[in-house]
Amino acid sequence: QKEVEQNSGPLSVPEGAIASLNCTYSDRGSQSFFWYRQYSGKSPELIMFIYSNGDKEDGRFTAQLNKASQYVSLLIRDSQPSDSATYLCAARRGGNQFYFGTGTSLTVIP
Amino acid sequence: EAGVTQSPTHLIKTRGQQVTLRCSPISGHTSVYWYQQALGLGLQFLLWYDEGEERNRGNFPPRFSGRQFPNYSSELNVNALELEDSALYLCASSLRDILLGGTDTQYFGPGTRLTVL
């Protein structure tokens with residue numbers, strides 16, 4: 001079982017719609033969770049992190065964490081073509097070890 | 001403010017050779033992390049350095065090693081290269097922010113693309 005699992009996609013949404021990206025993790029000792037965006041051929045860039053149960057909003061992005069279900073999600077409202085990328089979910093465990101999922105490919109159709 | 005920098009951008013080596021990759025963190029960041037991103041496998045954690053010490057390593061053989069210098073820059077060395085070492089090697093840096101509960105948000109460099117023939 002992988003430490004962090006994501007649907008590889010591809011996920012396609014029309015411009016202006018809400019994109020929902022999901023992630024599950026296996027280690028209940030994971031302390032904080034991160035969403036990164038990676039454009040093709042580029043390095044990952046941080047979107048946001050969350051470490052408390054519930055929702056955290058930052059502009060068009062909302063991260064949701066449910067530790068009981070070991071589930072993390074990222075909602076992108078008013079999706080734009082520029083949001084088309086691979087989205088990586090990461091979990092941080094003790095010892096500052098980070099585990100990344102393989103990413104979900106998102107395409108926003110104009 | 002300059003971001004994380006890595007060199008070289010690309011490398012081509014043959015099996016059995018050795019390679020050294022370099023990383024300079026964001027100014028003021030003391031932690032450096034190395035990851036391997038092979039095609040279809042996602043980011044695999046390699047090493048974490050903080051304040052000049054190796055703090056943790058991922059599930060990689062000992063031929064993957066590195067160090068961190070007093071100026072917090074870092075090197076990743078890979079000995080006895082194998083074909084499956086072909087990947088994008090990413091370096092990230094962080095500043096421990098205890099006010100955020102030590103979330104250690106990581107910022108990535110552009111990566112070094114290593115091809116082993």
Side-chain angles (χ1 to χ4, degrees), chain A residues 1-10 21 23-27 29-54 56 58 61 63 65 67 72 85-105, chain B residues 3-7 9-10 21 23 25-26 29-51 53-60 68 87-113:
Chain A
Q1 182 186 19
K2 294 182 180 178
E3 297 279 350
V4 176
E5 299 212 45
Q6 298 179 251
N7 288 328
S8 61
L21 304 163
C23 169
T24 58
Y25 60 96
S26 61
D27 185 357
S30 298
Q31 298 164 336
S32 45
F33 305 87
F34 302 78
W35 282 101
Y36 286 84
R37 177 174 60 197
Q38 187 173 24
Y39 293 110
S40 181
K42 302 293 185 182
S43 60
E45 54 179 331
L46 179 72
I47 298 174
M48 60 193 307
F49 64 86
I50 186 168
Y51 53 91
S52 298
N53 270 328
K56 179 181 179 182
D58 184 0
F61 299 95
L65 173 60
K67 291 187 177 180
V72 190
T86 296
Y87 289 78
L88 304 174
C89 172
R92 173 179 171 266
R93 288 171 53 182
N96 217 33
Q97 192 149 345
F98 288 73
Y99 292 90
F100 283 78
T102 53
T104 298
S105 174
Chain B
V4 178
T5 60
Q6 292 186 245
S7 63
T9 305
H10 294 88
L21 311 181
C23 171
I26 291 171
H29 285 192
T30 62
S31 281
V32 170
Y33 311 79
W34 287 96
Y35 292 88
Q36 180 193 68
Q37 189 175 33
L39 199 61
L41 292 182
L43 271 74
Q44 305 292 316
F45 171 73
L46 272 164
L47 291 157
W48 168 38
Y49 292 95
D50 184 64
E51 298 284 359
E53 300 286 332
E54 181 180 305
R55 302 295 184 179
N56 204 355
R57 66 179 293 132
N59 188 25
F60 280 83
Q68 186 179 35
L88 179 67
Y89 288 85
L90 289 162
C91 171
S93 73
S94 76
L95 171 64
R96 294 234 186 163
D97 188 340
I98 58 175
L99 294 178
L100 291 176
T103 53
D104 295 339
T105 303
Q106 299 184 357
Y107 298 89
F108 284 85
T112 293
R113 173 74 61 185

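Keep in mind it's a predicted model, so treat the numbers as computed, not measured. Order of the sequence lines fixes the chain letters, A, B, ..., with proteins taken first and strands second; residue numbering starts at 1 for each chain.
- Taking B/E51 as the reference, nothing meets the salt bridge (charged side-chain N to carboxylate O under 4.0 Å, His left out) condition, with sequence neighbours excluded.
- Looking at B/R57, only its backbone comes within 4.5 Å of chain A, counting heavy atoms on both sides.
- Taking the six-membered ring where tryptophan is involved, the planes of B/F45 and B/Y35 are perpendicular, since the angle between them exceeds 60° and thus also 30°.
- Taking the six-membered ring where tryptophan is involved, the planes of A/F49 and A/F34 are tilted, since the angle between them lies from 30° to 60°.
- Under the side-chain contact (heavy atoms from CB on, under 4.5 Å) criterion, A/T102 pairs with A/K2, sequence neighbours left out.
- Here A/Q38 is the residue among A/Q6, A/E45, A/Q38 with the most heavy-atom pairs under 4.5 Å with chain B.
- Contact of B/Q44 with chain A is not made at all, since no heavy-atom distance falls under 4.5 Å.
- Using modelled atom types and a 3.5 Å distance limit, the side chains of B/S94 and B/Y33 yield a donor-acceptor pair.
- In this structure, the portion of B/L90 lying under 4.5 Å from any heavy atom of chain A is its side chain and not its backbone.
- Neither the backbone nor the side chain of A/E3 comes within contact range of chain B, judged by heavy atoms closer than 4.5 Å.
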